[in-house]
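Structure record follows, encoded as structure tokens.
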2 protein chains.
Amino acid sequence: MSEKTSEAGEGTDRQIRADARRNLDGLLKAAMEVFATSGVDAPVREIAGRAGVGVGTFYRHFPQRSDLIVAVFRREIDACADAAEALAAQYSPGEALARWMQRFVDFVSAKRGLSAALHSGDPAYEPLPAYFDQRLRPALENLLQAAEEAGEIRPGMDAIELLHAVSRLASAGGDDARRMVALLVDGLRYRPGNTQG
Amino acid sequence: MSEKTSEAGEGTDRQIRADARRNLDGLLKAAMEVFATSGVDAPVREIAGRAGVGVGTFYRHFPQRSDLIVAVFRREIDACADAAEALAAQYSPGEALARWMQRFVDFVSAKRGLSAALHSGDPAYEPLPAYFDQRLRPALENLLQAAEEAGEIRPGMDAIELLHAVSRLASAGGDDARRMVALLVDGLRYRPGNTQG
DNA sequence: ACCTGAACACCGTTCAAGT
DNA sequence: ACCTGAACACCGTTCAAGT
């Protein structure tokens, strides 16, 4: 029991009718476009219409609106995580950490709906934070550990907690977001026992 | 031109029919209660019904839903700002700053809808951030300046920027929010030129 | 002046009928 | 198996009629 019953988007590739897969791809593509312009609350009829299918087909693939949102942002998260490995090799641990943070800020800032869904607390979006953590945590943990071993930041930081905090700050967008994240990273560098009381 | 035409909630107190004022108060009270349980997206009919008025009356007092939300949260902001003066006299500048931050975190964490409205970017809520800043900025600026003059934090921080960042972190709620805000305050204490490169 | 609530428009969701 | 779209329910918003 508790098997995933054909989760929308990913899953077993065989035994799926060609038109069904075409429709699903079309819906995802249409949703990404509509989300970018009208936000994640865009009318179902608009997305279905743009994909050239009936609303019934929409609901067949995505019974809950959150299913669609999750599927769309999963792809975006993949794109971000894939671009987060080279930095550790190019820069000093502390510098690599700071740079990855800024890159992450740009990503989150660009997707308005992502952080909204991420921080809504709505249990319908539960798989999204889970995927977010699963893909992004390892990247940050490596950077964190290297910087810690180099003595550049305080020890014992929780990568997940940091990730969530930064994504909150990043959702402000613009230079404010960049400055505040940089300030938070400076917080990591600060340790009470050194110069200031 | 560009005068405020009887903004809902505050304004000139004379020439208002007694039943109209009663209805407005009832609507605000009902809204606060409904917001607490069902969130700020609760149906208009539910709020109007609880206040014992027709939906037309609701729209007469609050033409836009955002007008109601703004009116409700204005009261909440007042309550928070009023409680933020004694700390500077009781503690050292740096300590007073850190404590006020934590108190502010508690406030924002308690009101789910506030930060959502605050950070939505929707121009309909524009008066809300404005009021938020107007009431809370002076408090933080004083704390900041004192801590800066005492040499406990870096100079040149923008109070508004900091306020917005902290309210974002605070909207996470719980101990995570407290820890991350404390980390940000440590960022203020950190200055590059001292011990670490 | 202000209030009421029927009426309208819009959107989410279902399901009988089709292929 | 999967798709379609008419039909239904619900909610925001207006406005003619009342006091």
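Below, read A as the first sequence line, B as the second, and so on, with proteins coming before strands; counting in each chain starts at 1. Bear in mind that the values here come from a model prediction, so they are computed numbers and not experimental data. These numbers come from the heavy atoms of this one structure, side chains and all, not from hydrogens, waters or symmetry mates.
A distance of 5.5 Å separates CD1 in A:Ile16 from CZ in A:Arg21, rounded to the nearest 0.5 Å.
Across the interface with DNA chain D, nearest-nucleotide mapping of B:Arg45 and B:Arg17 shows B:Arg45 to be the residue nearer the 5′ end.
The base-pairing partner of D:dA6, taking Watson-Crick or G-U wobble contacts with both distances under 3.5 Å, is C:dT14. Remark: C:dA1 base-pairs with D:dT19. Criterion, Watson-Crick or G-U wobble with two distances under 3.5 Å.
Side-chain proximity of B:Ala20 to D:dC3, D:dC11, C:dC3: nearest is C:dC3. Which of C:dT13, C:dC2, C:dA6 sits closest to the side chain of A:Val55 comes down to C:dT13.
Atom CZ in B:Arg21 sits roughly 12 Å away from atom P in C:dC2 (whole-Å rounding). What separates CG of B:Asn23 from P of C:dT4 is a distance of 6 Å, to the nearest Å.
Across all strands shown, B:Val53 has heavy atoms under 4.0 Å from sugar-phosphate atoms exclusively, and none from any base.
At least one side-chain nitrogen or oxygen of B:Arg60 sits closer than 4.0 Å to the OP1 or OP2 atom of C:dC2.
In terms of heavy-atom proximity, B:Ala117 sits nearest to B:Ile69 at CB-CG2, 4.2 Å.
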**OP:** Check the pair A:Ser167 / A:His119 against side-chain hydrogen bond (donor to acceptor under 3.5 Å, both in side chains), numbers first and verdict last.
**Re:** CA-CA 9 Å; A:Ser167 87; A:His119 304 133; 2.9 Å; yes

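Side-chain contact annotation: B:Gln145 with B:Glu141, donor-acceptor N/O pair under 3.5 Å absent.
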